[in-house]
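One structure is given below, encoded as structure tokens.
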Amino acid sequence: TVFGVGHPQAHWMIVGEAPGEEEDRRGEPFVGRSGQLLDNMLRAIGLSRHAGASTGSAESSDPPDPAKQVFIANTLKCRPPGNRNPLPEELARCEGFLIRQIELVQPRIILAMGRFAVQSLLRSTAPIGQLRGRVHRYQGVPLVVTYHPAYLLRNRPEKARAWDDL
Ligand code: URA
């Protein structure tokens, strides 16, 4: 199981799809190629998954500022065999864990990446292209929809839109 990583009171919560092979091996979400892209994009806007990572001039011994921290979780906590799409019953089984993670972290903003995160959190099957560009709400928390980093790796021109979302 791959549950999540980041500051337990991070102001930002990022929700992806499911662990891939590398994530499954290491027990941490987004550590493969998609994760590298995600980390680079977060770093560019001053955010980090690593509590204590310096994003400014503060000493590394300063307590991490939750406003600059992200908590990263996936919709599914286990890797679907062969990286196939999650099945509806798998999404349903994992949903309670994600809901509880959001309750515990109490993020100020949620970034839902890709259609399975959106499907679970917004109960919408509309395409990402239709849902991005405005602020939705999940239990009162502002939620922004964006493309999944794996999609961005395959469709480089869409990166400009992902930057707009961030
Ligand atoms: N893609 C995801 O959605 N989550 C991961 O943890 C890795 C790749």
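Positions are given from 1 along the sequence. Read the numbers this way: they start at 1 and go in the same order the structure lists the ligands and their atoms.
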(request) Find out if a path of hydrophobic residues (ILVMFWY) with successive side-chain heavy-atom gaps under 4.5 Å connects Val2 to Ile99. (result) no

(message) Please say yes or no: joined through hydrophobic side-chain contacts below 4.5 Å, possibly via intermediate residues, are Leu104 and Phe71 part of one cluster?
(response) no

(request) Check whether any side-chain heavy atom of Gln69 lies under 4.5 Å from a side-chain heavy atom of Trp12, and answer yes or no. (result) no

(message) Using a 4.0 Å heavy-atom cut-off, which part of Ala18 comes near ligand 1: side chain, backbone, both, or neither?
(response) backbone

(request) May I ask you to identify, for Met113, whether its side chain, its backbone, both or neither come under 4.0 Å of ligand 1 on a heavy-atom basis? (result) neither

(request) Mind checking the CD-CZ spacing from Gln9 to Arg108? Nearest 0.5 Å is all I need. (result) 10.5 Å

(request) Say whether Pro29, considering both its backbone and side-chain N or O atoms, lies within less than 3.5 Å of an N or O atom on ligand 1. (result) no

(message) I want to know if ligand 1 touches Ser34 in the polar sense, i.e. an N/O pair below 3.5 angstrom.
(response) no

(message) Using every non-hydrogen atom in the two residues, find where Asp164 and Arg132 come nearest and quote the distance to one decimal.
(response) CB-NH2, 4.2 Å

(request) Output the list of atoms in ligand 1 that are nearer than 4.0 Å to some heavy atom of Glu17, sorted by atom number. (result) 2 (C), 3 (O)

(request) Check each atom of ligand 1 against the heavy atoms of Gly16 and keep those under 4.0 Å away; list them by number with element. (result) 3 (O)

(message) Just to be sure I'm reading this right: ignoring hydrogens, which of His148, Glu21, Glu23 gets closest to atom 3 (O) of ligand 1? Compare them by their nearest heavy atoms.
(response) His148

(message) Looking at Asn155, is its backbone amide N or carbonyl O close enough to the side chain of Glu158 to form a donor-acceptor pair, meaning the two atoms are under 3.5 Å apart?
(response) no

(message) So is Glu28 touching ligand 1 or not, going by heavy atoms under 4.0 Å?
(response) no

(message) Can you report which non-hydrogen protein atom sits closest to atom 4 (N) of ligand 1, along with the distance?
(response) Asn74 OD1, 2.8 Å

(request) Could you label the plane-to-plane angle of the Phe3 and Phe97 rings as parallel, tilted or perpendicular, counting under 30° as parallel and over 60° as perpendicular? (result) perpendicular

